[in-house]
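Beneath this line is the structure, given in structure tokens, with notes to follow.
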Number of protein chains: 2
Amino acid sequence: MAVARLYPDLDIDASPGEAQLHKRAYDRLCEALMRGEFSPGQKLTFRSLAEALGVSVTPVREAVSTLAALGALRVHPKRHIEVSKLSAEAYVEMLELRRLLEGHAAARAAERITDSEVEQIVEINDGLMQYALAGNLRKAMRDNQRFHFAVYRASRSAYLVENIERLWLLIGPSLNLHLAEEYAQGKEVLQSGFENHIKLIDALQERDPSAALSAIIGDMGVSCSHMLAGLLRDSSLSVSVLKELNSLSETPA
Amino acid sequence: MAVARLYPDLDIDASPGEAQLHKRAYDRLCEALMRGEFSPGQKLTFRSLAEALGVSVTPVREAVSTLAALGALRVHPKRHIEVSKLSAEAYVEMLELRRLLEGHAAARAAERITDSEVEQIVEINDGLMQYALAGNLRKAMRDNQRFHFAVYRASRSAYLVENIERLWLLIGPSLNLHLAEEYAQGKEVLQSGFENHIKLIDALQERDPSAALSAIIGDMGVSCSHMLAGLLRDSSLSVSVLKELNSLSETPA
DNA sequence: CCGATTCATCTGATATCACAGTTTCATATA
DNA sequence: TATATGAAACTGTGATATCAGATGAATCGG
């Protein structure tokens, strides 16, 4: 009971009832990480997760082992499970990878996307804008994720999309935390920064790969400032990070 | 006993004795996949792997679950474990990703590599050439892997290197199989194709990122023909694959 | 001789138990 | 009051038992 209150509504029975428990546990934990239900550095245990998910520890261990191999969780032997913290340095490294992978995926999507897929993406973006205007950060972030991955899936490159998903999994907890912090401090998190979504949609409609690529890379810069503001609060190496970030902006994509 | 003969020397006690059994099992299985100890499509079971590794099924399940999440293995529920087969289409998709990731890693390495690292890479390449001249395919492949990852590690981007490792894990079994096939058929697998290693070393010494990038991408073309020859043998979609491969070559990196 | 059926065997999936470090906190000591 | 101590509770780790579904070979019926 106390555990169920720690991780509200983590129960697994909401998922599609067919798959094996360890798969459902994995999916549910991924979802929780992306939704900000866990914060970076938070300590977890197998037993409490098992209870919250409504299963025994065995399927939880398989799910957690996998997430640990991906870097989303860290298992401290005989101690506890930790939601991986993201250093500012690691975030800059991942931004570099995001430019590469998501830029490529967007460009490929522009070559291969169908009209009906463009339509769906426009609809997702419309919903996103509504939540943004309404100031609903959580739902806006969820729709933003849907928007991006609807584009990436149009690249017809399943393994590329999987790689991007894994990247987002590492950024998810910190992104949720720091965007919520900035939002709570009254920063303009939702008021602007969606121009690149329009540019991206235009590029997809025009089937223009390089325009799609630059729109996606432009979009990354938006959340970047909020993230670094939060990440650098705990970091003493801010100078070297900012230097590296500047050199990254000058590097041709 | 019969099992130990099926997977010779898979026993885990050779690994560094500190880590947990599921980590060692994972490392050992990765090694086996990269060394060609398993072939694509081969069927495995948890119990036989556990016996061969000298542990119980529990740590094996965690290792296999992780490898399944990465795509290296496929778990057929209530049936068996399968070493993932690589279709020609999937291989082309991965080549695209390899160009992106490994090209970027090589370019970054050229910016950040130290003189002593260049030295080490030259030494690895010398050893590789000896095995190539001696016709030792297995050891040449092992040293080729060492060569590539010594370069990538010089990029100082740990997560990028991990991503590349995961890519190689998916290609490993098929690469071992088809290169060995071609070699057995008397094809020139080891006689040529190492010019790009020299070009890469030169580029690293000159600290020339774009030269390093094109050397790495050139090197990928070498094994590519042997791989496609093997992969297309079982595939009926060869025409579309070759078309896609051609369009890939024309795409600017 | 061939196809359907049955039953023993095998497989992955899950839960549970036992164990050895780790943490925590109340107690004892100075 | 501050520090040391030790036992109890907790944690990840690994092995095992059990179960339902899949497999395969022997059996049966044609």
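Sequence lines set the chain letters: A, B, ... in the order given, protein chains first and strands last, and positions in each chain run from 1.
Salt bridge status for A:R146 with A:D143: present, with a side-chain N to carboxylate O gap under 4.0 Å. Ionic pairing of A:R28 and A:E37 is present here: one or more N-O contacts between side-chain nitrogen and carboxylate oxygen are shorter than 4.0 angstrom.
If B:I81 and A:P77 are placed on DNA chain C by their nearest nucleotide, the residue sitting closer to the 5' end is B:I81. For A:V75 and A:T58, each mapped to the nucleotide of DNA chain D holding its nearest heavy atom, the one lying further toward the 5' end belongs to A:V75.
The stretch residues 71-81 of chain A participates, sequence neighbours left out, in no salt bridge (charged side-chain N to carboxylate O under 4.0 Å, His left out) pair at all. Residue pairs satisfying the salt bridge (charged side-chain N to carboxylate O under 4.0 Å, His left out) criterion with at least one member in residues 55-69 of chain B, sequence neighbours excluded, are listed as follows: A:R61-B:E62, A:E62-B:R61.
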* To do: Applying side-chain contact (heavy atoms from CB on, under 4.5 Å), run through B:H22 and B:T58 and close with a yes or a no.
  => CA-CA 8 Å; B:H22 66 90; B:T58 312; over 6 Å; no
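For the pair B:H80 and D:dA22, the criterion of a side-chain N or O lying under 4.0 Å from OP1 or OP2 is not met.
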Could you pull out every donor-acceptor pair under 3.5 Å between side chains of residues 163-174 of chain A and any protein atom, sequence neighbours left out?
| residue | atom | partner | partner atom | Å |
| --- | --- | --- | --- | --- |
| A:N163 | ND2 | A:Y159 | O | 3.2 |
| A:R166 | NH2 | A:E162 | OE1 | 3.1 |
| A:W168 | NE1 | A:E102 | OE2 | 2.9 |

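As rounded to whole Å, 13 Å separates atom P of D:dA15 from atom CD of B:E51. Here the P atom of nucleotide D:dT13 and the NZ atom of B:K23 are 9 Å apart, to the nearest Å. The distance from atom CG of A:L49 to atom P of D:dC10 is 17 Å, rounded to the nearest whole Å. In this structure, B:K78 places its NZ atom 5 Å from C1' of D:dG21, rounding to the nearest Å. Taking atom NZ of A:K43 as the reference point, atom C1' of D:dG12 lies 15 Å away to the nearest angstrom. One can place CD of A:E82 at 16 Å from P of D:dT11, the figure rounded to the nearest angstrom.
Not counting sequence neighbours, the partners of A:F147 by the ring pair (Phe, Tyr, Trp, His ring centres under 6.0 Å) test are A:H197.
A 4.0 Å heavy-atom criterion places the boundary nucleotides of DNA chain C facing chain A at C:dA13 to C:dT23, written 5' to 3'.
For the segment residues 60-73 of chain A, residues with any heavy atom less than 4.0 angstrom from an atom of DNA chain D are, sorted by number, A:R61.
One side chain, A:H104 or B:E96, offers a donor N or O that lies under 3.5 Å from an acceptor on the other. A side-chain donor from one of B:E117 and B:T114 sits under 3.5 Å from a side-chain acceptor of the other.
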